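Okay, structure first, notes after.
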Amino acid sequence: MRKIPLFQRKETFKEVSEGFNEEEAVKEAQRCLQCSPPPCQEACPLKIDIKEFIKFIAAREFKKAEEKIREQNTLPSICGRVCPQENLCQKKCTLAKKGKPISIGYLERFVSDREENSKSLKTISPRKRKNKVAVVGSGPAGLTCASELLKKGFRVVILEALQKEGGVLRYGIPEFRLPKKVLDKEVEYIKRLGGEIVTNFVVGKTKSIEDLKKEGFNVFFLGIGAGFPKFLGIKGENAKDVYSANEFLTRINLMKGYLFPKYHTPLRIGKRIGIIGGGNVAFDCARCAIRLKAEEVFIIYRREKEEMPARKEEIKNACEEGVKFYFLSTPKEIISDEEGNVKGIICLKNQPGERDSSGRRKPIPIKNSEFLIPLETVIVAIGTEANPLLLNTMPDLKLNEKGYIVVNKDFQTSIPYIFAGGDIVSGTATVVEAIKQGKAAAKSIERLYG
Ligand code: FAD
Ligand code: SF4
């Protein structure tokens, strides 16, 4: 896949992958064997008719290709970019056995990026239904649930705590992986379907669910994500230059902190930056730090390289951009001076132990193996959990032992008129899983409250 030149990647937030042009897309689509039954479709969480949309691309019928994808996926230009296709549809492609699976994600991106396609998308106005739905949260789960309900004639208002829509797609995943104009286009489509979006509205604080019921909402979908940062719980973590990944990425992506004082939110970083973690979030932080002109950026990970959960393509990009690694390392203490400025992190060396339930080898810290990594900024990217703000206002809402909302097979919560989906149900997962759940919840709302 063509990428922008390396020197540019280190200086701008411009999207790295350039995607297919028309000729490349058609050529790629013509490689498809049109298997029957198609194993790729079975592996896609949304069960997109992949074989059929690829056939349309091969025949240069791009509009039909997009319509085919949109039958199942409300956010195709986003999935085409961020889905872990290598573990889903592309993994099962028959050609993967020869090491050359069809680039399904890039084809999905190609058709849904075409300007002329999206302009002509249908904005049907079916009969209006009496029930009014409040969708809380505008991440992929909320956007999908809203768009599916709008297509069925429900009146829908999306209530979003932040100043802009999109959830993690806006504040978490950086521009160089997911340009915001791609997200804006999908949000625009939801508005064209008749959806109303209210931002800066924290349900549970601005207004409660009870207040909203009095205002005429009778069904709710909670797609509030799980954006509450986890910390390491080690000595020195309260120092000035220790960020949670969420804070670091929000300051960059949402608040444009790197353009301070033109934008109001400052972002202070040092020359040597260490990021704790090995997932997509850690890599997004590391690659942002490179673009902010840090001199050295390190990923500090407790297991081995092959065991990092981040997408392979993004690990490769990060290596090309100069990110360095400390594997088999567990942070023990953050060191700072009297003024609270970070000076480094002490880690223990690990050795790989028995395989755990994830199939990966458990990291076992080696006694007296401490070593110091000199750093000026530390970013903690070890995961997130449910934010209790709204959940605490609803004592009748059943949560599991980890604090996530419990739902039945219809994505209905213990309060019958409240549905939920996405990360707040499954813990931190994927965009495509959030879409799948938002869609399933919309179907149940139609069946039970239509
Ligand atoms: P979110 O996207 O978290 O959206 C929830 C929304 O609800 C937010 O906008 C929040 O402000 C709002 N909200 C919360 N509480 C309230 C309230 N009380 N009132 C009103 N609004 C509220 N997945 C992939 O598949 N591929 C990737 O490459 C990938 N990279 C990632 C990179 C980063 C940095 C992060 C953080 C995650 C990444 N993920 C990736 C995971 C993926 O983004 C999430 O699984 C997905 O966004 C979950 O969607 P959601 O709709 O459940 O929640
Ligand atoms: Fe593959 Fe994701 Fe598209 Fe499904 S939604 S076909 S898994 S890229």
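We count ligands from 1, going down the list as the structure has it; atoms in each ligand are counted the same way. None of these values were measured; they are calculated from a predicted model.
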Pair [X], [Y]: side-chain N/O donor-acceptor within cut-off below 3.5 Å:
X	Y	value
Gln72	Lys439	yes
Asn200	Glu160	no
Asn350	Thr330	yes
Asp356	Ser358	yes
Lys213	Tyr417	yes
Thr199	Glu165	no

Using a strict 4.0 Å cut-off to heavy atoms of [X], name the atoms of ligand 1 that fall inside it.
X	result
Gly167	2 (O), 4 (O), 8 (C), 9 (O)
Phe201	19 (N), 20 (C)
Gly422	52 (O)
Ala429	41 (C), 45 (O)
Leu249	34 (C)
Leu159	20 (C), 21 (N)
Gly137	6 (C), 7 (O), 12 (C), 21 (N)
Asp284	32 (C), 33 (C), 34 (C)

Is there a ring pair (Phe, Tyr, Trp, His ring centres under 6.0 Å) between Tyr449 and Phe154 once you walk through the steps?
-> CA-CA 10 Å; Tyr449 289 88; Phe154 281 88; 8.9 Å; no
Starting from [atom], locate the nearest protein heavy atom and write down its residue, its atom name and how far away it is, to 0.1 Å.
atom	answer
atom 38 (C) of ligand 1	Val168 CG1, 4.0 Å
atom 22 (C) of ligand 1	Ala161 CB, 3.7 Å
atom 45 (O) of ligand 1	Asp423 OD1, 2.9 Å
atom 51 (O) of ligand 1	Ala141 N, 3.0 Å
atom 17 (C) of ligand 1	Val203 N, 3.7 Å
atom 9 (O) of ligand 1	Glu160 OE1, 2.7 Å
atom 14 (C) of ligand 1	Ile224 O, 3.2 Å
atom 42 (C) of ligand 1	Val431 CG2, 3.8 Å

Would you say [X] contacts ligand 1, with heavy atoms under 4.0 Å as the rule?
X	result
Leu162	yes
Glu433	no
Gly204	no
Ile173	yes
Asn387	no
Gly223	yes

Does the separation of the ring centres of Phe419 and Phe411 fall below 6.0 angstrom?
-> no
Would you say ligand 1 has an N or O under 3.5 Å from any N or O of Ala434?
-> no
Considering [options], which one's heavy-atom position lies nearest to [atom]?
atom	options	result
atom 33 (C) of ligand 1	Thr250, Val281, Thr144	Val281
atom 46 (C) of ligand 1	Gly139, Pro140, Ala134	Pro140
atom 29 (C) of ligand 1	Asn280, Thr393, Ile158, Asn253	Asn280

Just checking, [X] and [Y]: is the charged tip under 6.0 Å from the six-membered ring centre and within 45° of the axis?
X	Y	value
Lys305	Phe327	no
Arg70	Tyr189	yes
Arg291	Phe176	yes

Under the criterion salt bridge (charged side-chain N to carboxylate O under 4.0 Å, His left out), which of Lys3, Lys10, Arg287 is the partner of Glu320?
-> Lys3
In Arg81, Arg9, Lys180, Arg2, the residue satisfying salt bridge (charged side-chain N to carboxylate O under 4.0 Å, His left out) with Glu15 is Arg81
Pairwise side-chain contact, Val203 with Lys207, heavy-atom cut-off 4.5 Å (strictly under) | no
Contact region, Arg177 to ligand 1, non-hydrogen atoms below 4.0 Å, reads side chain
Between Leu389 and ligand 1, find which residue part has any heavy-atom pair under 4.0 Å and reply side chain, backbone, both or neither.
-> neither
Any donor-acceptor N/O pair, Asp211 side chain to Ser208 backbone, under 3.5 Å | yes
Among Val16, Asn280, Asn317, the one residue meeting side-chain contact (heavy atoms from CB on, under 4.5 Å) with Arg177 = Asn280
